[in-house]
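Let me begin by presenting the structure, written as structure tokens, before commenting on it.
In each ligand, atom 1 is the first atom listed, and ligand 1 is the first ligand listed.
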Amino acid sequence: MEILLPKEISAVITALEEYGAEAYVVGGCVRDSLLEREINDWDVTTSASTEEMRRCFAGKKLIATGEKHGTMTLLSGEYAVEITTFRKDGSYSDGRHPDSVVFSDRLTDDLSRRDFTVNAMAYNPARGLTDRFSGREDLQNGIIRCVGDAQKRFNEDALRILRAFRFMSKLKNTEGKGFVIEDATLAAMESCKERISLLSVERVTAELAGIITAERAGETLALMKKTDILSQIPSFEACDAGIERIDKLPKELETRTAALFWSISAEQAKERLAALKFKNSEIKRIAAFLENGKTALTSDIELLELTAKMGAEDAFRLFELRRIFGDGCAEKSKQRLCRLLEEGRCFKTEQLAVNGKDMAELGFEGRAIGTVLGSLLREVMAGAENSRENLLQRAKQFKEEQ
Ligand code: CTP
């Protein structure tokens with residue numbers, strides 16, 4: 001069994017070994033290599049202390065990113081490699097951070113403190129794979145199972161409950177089979193679920209976003225609902241409208257979250273999403289989907305106004321959302337908007353044959369310029385001719401009526 005390491009990563013392992021330490025790549029990068037997935041980060045675990053790392057990488061770009069926890073980050077080519085001293089963690093009384101970090105000189109200690117068997121494998125080019133907890137077999141069979149006592153693992157860090165769901169949602173074995181959570185692990189997740197309230201909102205939302213945008217979001221969210229774990233996430237209770245349909249949507253956070261929040265109002269959703277610390281741009285986009293979830297969208301002008309409000313791409317996303325929630329007209333509306341856009345129909349004032357300068361020349365001032373352009377746009381969207389001659393004439397009439 002061989003994992004092909006990028007040369008920058010091999011160089012880190014070799015440097016630590018030449019220094020006299022043990023060193024391995026570990027965790028997610030080993031799991032994803034065996035699953036033939038793209039690797040996000042290469043993490044290294046070593047018997048070297050941070051002081052020894054400093055000496056080993058003297059003159060190199062080594063940054064103390066988490067020295068208290070034994071972690072230094074080495075910038076090597078395009079990689080930022082986290083190198084961490086072997087650890088056996090103490091207890092986690094706040095459910096988030098180990099109260100004390102105990103360093104070790106044994107790889108086995110370091111692997112034993114990790115969350116799941118599939119994340120507890122280490123690899124070194126000369127020593128091969130170290131797999132004390134049958135992680136490779138669990139990967140082959142598509143099983144998420146805690147290392148050792150599951151209850152203890154979730155008591156140490158309740159985020160692992162959501163991590164288990166995220167791995168279920170995103171991982172597939174090499175035969176394309178999705179992962180299941182092993183029974184004892186799932187039972188421990190249920191019994192520790194109240195500890196989710198101890199977690200920071202940012203960490204919870206990051207995991208949730210990972211679950212929602214992955215391959216098997218529907219099945220995973222359904223299991224979270226069944227085990228009453230979804231309702232432990234503040235602001236997310238009763239936000240499960242689109243669970244069965246979510247996999248039909250593109251794997252994109254805002255569209256899929258709008259589906260989950262479909263049964264509540266845009267105003268309510270905004271409050272809840274702000275509490276979950278979604279970004280303002282995400283909240284705005286999700287709220288726009290919900291605000292237009294049930295509005296009439298049949299006439300040309302309604303379709304063009306929608307496009308002006310949310311942009312063509314999001315208007316098409318909205319039709320997908322409406323379609324999965326049973327709007328029989330969504331497909332027709334989509335085709336109609338396609339045709340309108342192909343015909344070059346106007347939906348923004350910038351597309352008009354006249355501009356603000358023309359309006360100023362006719363004597364409009366300040367905000368009146370925007371208002372008259374808006375009125376002209378509405379007429380053009382309703383079918384009036386978008387020619388300079390026609391629009392100047394209509395603007396003059398507006399001026400006279402003022
Ligand atoms: N880990 C853990 N408990 C956690 C978080 C992480 O035991 N609560 C361990 C696991 O061994 C994990 C490794 O630290 O593989 C690295 O964690 P992280 O980078 O957060 O996740 P990955 O497993 O690499 O997965 P992903 O990249 O998909 O987040």
Side-chain angles (χ1 to χ4, degrees), residues 3 9 24-46 65-66 69-73 79-92 94-99 101-102 104 107-123 129-136 138-139 144-172 179 181 185 188-189 192 195-196 198-200 202-217 220 251:
I3 294 177
I9 310 299
Y24 304 81
V25 288
V26 70
C29 60
V30 177
R31 175 197 72 218
D32 288 344
S33 298
L34 296 176
L35 288 178
E36 296 164 13
R37 289 174 66 90
E38 199 187 316
I39 316 291
N40 294 326
D41 293 305
W42 291 93
D43 293 331
V44 170
T45 187
T46 178
T65 43
H69 296 96
T71 304
M72 305 287 272
T73 301
Y79 298 92
V81 193
E82 275 200 359
I83 311 174
T84 305
T85 311
F86 294 157
R87 266 168 38 183
K88 45 180 166 189
D89 290 345
S91 61
Y92 291 57
D94 68 351
R96 282 196 222 170
H97 309 104
D99 298 333
V101 175
V102 181
S104 163
L107 173 66
T108 307
D109 287 336
D110 191 82
L111 298 179
S112 315
R113 73 171 172 92
R114 293 177 182 266
D115 51 5
F116 306 113
T117 59
V118 294
N119 289 343
M121 290 180 277
Y123 176 80
L129 188 73
T130 305
D131 177 19
R132 299 262 186 282
F133 306 100
S134 306
R136 194 171 183 200
D138 281 346
L139 269 188
I144 296 154
R145 181 198 316 269
C146 275
V147 171
D149 180 349
Q151 191 95 20
K152 196 159 164 247
R153 292 287 88 84
F154 295 122
N155 276 327
E156 285 166 355
D157 185 1
L159 194 73
R160 289 170 169 167
I161 299 173
L162 301 178
R163 282 171 60 83
F165 285 123
R166 178 163 61 85
F167 293 130
M168 167 179 171
S169 192
K170 81 168 189 177
L171 297 183
K172 277 197 276 183
F179 275 59
I181 301 173
T185 299
M189 286 160 70
C192 296
R195 295 181 73 80
I196 290 177
L198 296 170
L199 300 169
S200 76
E202 289 85 350
R203 293 178 87 205
V204 170
T205 298
E207 291 299 330
L208 199 55
I211 294 167
I212 291 172
T213 52
E215 194 94 5
R216 286 170 64 228
T220 307
K251 293 191 209 70

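For atom 27 (O) of ligand 1, the closest non-hydrogen atom on the protein side is N40 ND2, 3.9 Å. Protein heavy atom nearest atom 25 (O) of ligand 1, with residue, atom name and distance: R31 NH2, 3.3 Å. Summary of contacts: the protein heavy atom closest to atom 3 (N) of ligand 1 is R160 NE, 2.9 Å. Looking only at protein heavy atoms, the nearest one to atom 8 (N) of ligand 1 is D157 OD2, 2.9 Å. The nearest protein atom to atom 24 (O) of ligand 1, hydrogens excluded, is given as G28 CA, 3.4 Å; this is a heavy-atom distance. Remark: minimum distance from atom 7 (O) of ligand 1 to any protein heavy atom is reached at D115 N, 2.8 Å. Nearest to atom 19 (O) of ligand 1 among the protein's heavy atoms is D43 OD2, 4.1 Å.
Those atoms of ligand 1 that come under 4.0 Å of a heavy atom in G27, given as number and element, are 15 (O).
Between R87 and D109 there is no side-chain heavy-atom pair separated by less than 4.5 Å.
Of the heavy atoms in N119, both backbone and side-chain atoms come closer than 4.0 Å to ligand 1. By the criterion of a heavy-atom distance under 4.0 Å, both the backbone and the side chain of R114 are placed next to ligand 1.
A donor-acceptor distance shorter than 3.5 angstrom exists from the side chain of D131 to the backbone of R136, with no hydrogens or angles considered. T213 contributes a side-chain N or O that, together with a main-chain N or O of A209, makes up a donor-acceptor pair within less than 3.5 Å.
With atom 5 (C) of ligand 1 as the reference point, the heavy atom nearest to it among R166, R203, R153, R163 is part of R163. For atom 28 (O) of ligand 1, the nearest non-hydrogen atom from the set E207, K170, E82 comes from K170.
A donor-acceptor contact closer than 3.5 angstrom is absent between the side chains of R145 and T185. Remark: the T65 side chain and the T71 side chain contain no N/O donor-acceptor pair separated by less than 3.5 Å.
Listed here is the closest heavy atom pair of F167 and N119: CE1-ND2, 3.4 Å.
The existence of a salt bridge linking R153 and D157 is excluded, since no basic side-chain nitrogen approaches an acidic carboxylate oxygen closer than 4.0 Å.
Below 30°, between 30° and 60°, or above 60°: for F116 and F154 the angle between ring planes is between 30° and 60°, a tilted geometry.
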